[in-house]
2 protein chains.
Amino acid sequence: MTTRRSELTRQAARLFAAKGYHGTSIGDLAEAMGVQKGSLYAHISSKQDLLYETMAEGARAFHAGLDAIPDEAPATEKIRLALRSHLQVVADQLDVATVFVQEWRYLEGERREEIVGERRRYEERIRALFREGRDLGELRTDLDDATAALLVLSAVNWAYTWLQRGRDTVELADRFYSLLVDGMRGYATPRTS
Amino acid sequence: MTTRRSELTRQAARLFAAKGYHGTSIGDLAEAMGVQKGSLYAHISSKQDLLYETMAEGARAFHAGLDAIPDEAPATEKIRLALRSHLQVVADQLDVATVFVQEWRYLEGERREEIVGERRRYEERIRALFREGRDLGELRTDLDDATAALLVLSAVNWAYTWLQRGRDTVELADRFYSLLVDGMRGYATPRTS
DNA sequence: ACTGCACACCCTAACGATCGTTAGGGTCGA
DNA sequence: TCGACCCTAACGATCGTTAGGGTGTGCAGT
């Protein structure tokens with residue numbers, strides 16, 4: 001059942017992504033719902049609610065992607081899957097991902113701290129993959145895991161600006177993986193599919 | 001001579017970076033200038049002016065960085081210098097770079113098209129470096145220059161979120177370069193300083 | 001040296017519009 | 001009869017912008 005409430009959060013994500021949190025008025029949201037603006041307050045208690053829920057959904061989706069990566073896989077394989085997962089989340093929920101990445105600073109109060117914490121936790125999980133890859137000898141021993149994670153996270157955090165639904169996201173993720181792990185100079189080790 | 005006008009654009013960049021364009025009011029700007037809000041209109045004719053000027057300054061700075069790269073250098077060296085240059089601009093003009101990267105969509109009218117065009121031109125210049133590197137045999141022959149440029153531009157476009165003045169930006173740029181060109185798996189070819 | 005005047009700069013006060021939010025009441029199906 | 005849903009009407013606040021008037025400083029002409 002698609003409730004009216006969830007439809008509202010969907011529209012909120014869409015408009016916040018397109019015009020920004022401060023650039024989207026309650027009136028805009030009401031118009032998108034085909035309703036008078038006062039009527040929205042039967043569903044929410046403030047505009048901030050909608051921002052928070054979009055952010056929380058983003059955090060959930062990104063973490064869930066990492067959760068699906070098998071523990072026993074080699075670190076480099078985990079990194080490849082993490083890249084796929086992240087880009088897939090962005091492609092599948094472009095609005096949510098866009099808001100998650102660039103509107104978090106408009107969250108207020110402790111909800112903001114909560115989301116910032118989720119972000120940091122996610123980054124730490126990525127960084128751990130590189131640490132693991134280096135310590136297990138899959139990646140070069142002089143690898144700085146902080147710099148490596150920074151590079152990868154930067155790359156994918158920007159993805160919302162150019163990713164489009166329908167493109168082959170998985171293949172793009174693997175291309176990124178190949179460039180990052182094997183480099184642009186040397187030849188890639190051939191991979192299966 | 002530091003005019004009152006240029007002080008205003010500086011403050012605008014600072015506030016737009018910190019709170020966003022729509023999150024910054026004319027009143028905020030006036031307060032930062034120690035002045036009544038109506039007084040600002042002796043210097044500008046609209047709030048959009050300030051946004052546009054910040055964006056134009058950003059475009060100018062990024063392009064100027066690339067202009068300083070010698071034509072006769074090897075393509076890989078140009079890429080390294082481009083990375084340095086970009087991160088240096090971000091570090092030196094953090095506010096301007098931040099606004100340039102994330103507030104451009106609030107520009108209206110043809111000024112928006114102008115800035116978007118400058119952005120695209122910049123991206124094309126980066127992409128040309130990878131094309132050159134591949135065609136001249138410095139980079140792997142199967143390199144997709146579009147993907148490579150996307151990866152690098154994504155990485156540096158995110159830089160404003162974590163770069164801090166005072167950090168050794170040049171060294172960080174070179175580390176990124178090493179990871180990207182030599183990869184995370186293989187060993188880097190030793191380089192001079 | 002004195003005057004006059006342009007100019008940069010700032011003020012107060014208000015404008016119409018729009019903002020997020022609230023109050024109170026109405027309609028409909030389960 | 002309850003709950004989900006929507007309405008109209010208004011609230012106080014804040015928004016970007018304008019109008020009109022007031023300083024002071026420095027430079028021109030005499």
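Only this structure's heavy atoms are used, side chains among them; waters, hydrogens and symmetry mates stay out. Residue numbers start from 1 in every chain, and the chains themselves are labelled A, B, ... in the order their sequence lines are given, proteins ahead of strands. This is a predicted model, so every value here is computed, not measured.
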Do [X] and [Y] pair up side chain to side chain, a donor and an acceptor below 3.5 Å, judged on atom types alone?
X	Y	value
B:Y106	B:Q48	no
A:R14	A:T98	no
B:T24	B:D28	no

side-chain N/O [X] vs [N] OP1/OP2, d < 4.0 Å:
X	N	answer
A:Q36	D:dC6	no
A:Y41	C:dT21	yes
B:R4	C:dC10	yes
A:H22	D:dC15	no

Integer-rounded Å distance: [N] [atom2] and [X] [atom1]:
X	N	atom1	atom2	answer
B:E7	C:dC9	CD	C1'	14 Å
B:E108	D:dG16	CD	C1'	12 Å
B:H43	D:dT18	NE2	C1'	16 Å
A:R5	D:dC5	CZ	P	11 Å
A:E31	D:dC6	CD	P	15 Å
A:Q48	C:dT21	CD	C1'	14 Å
A:L40	C:dC19	CG	P	13 Å
A:M33	D:dA4	CE	P	15 Å

Starting at the 5' end of DNA chain C, which residue's closest nucleotide do you reach first, A:D28 or A:G38? A:D28

The side chain of [X] is closest to which nucleotide in this list: [options]?
X	options	value
A:S46	C:dT21, C:dC10, D:dC6	C:dT21
A:V35	D:dC6, D:dT17, D:dA10	D:dC6
A:K47	D:dC5, D:dC15, C:dG20	C:dG20
A:I26	D:dT17, C:dT21, D:dC15	C:dT21

Is it true that [X] and [Y] have a side-chain N and a carboxylate O under 4.0 angstrom from each other?
X	Y	result
A:D49	A:R111	yes
A:E77	A:R80	yes
A:E123	A:R120	no

In DNA chain C, stems of three or more consecutive pairs, Watson-Crick or G-U, each with both distances under 3.5 Å, turn out to be C:1-14 with D:17-30, C:16-19 with D:12-15, C:21-30 with D:1-10

Taking A:E103 for the side chain and A:Y21 for the main chain, is one N or O donor matched with an acceptor at less than 3.5 Å?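 Side chain of A:E103 to backbone of A:Y21: a pair is present.
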
So what does B:S39 touch, heavy atoms closer than 4.0 Å: a base, only the sugar-phosphate, or nothing? base

Can you work out whether A:K37 or A:A42 has the more 5'-proximal nearest nucleotide on DNA chain D? A:A42

Got a sec, which residues hit side-chain hydrogen bond (donor to acceptor under 3.5 Å, both in side chains) with B:R5, two or more places apart in sequence or on another chain? B:E53

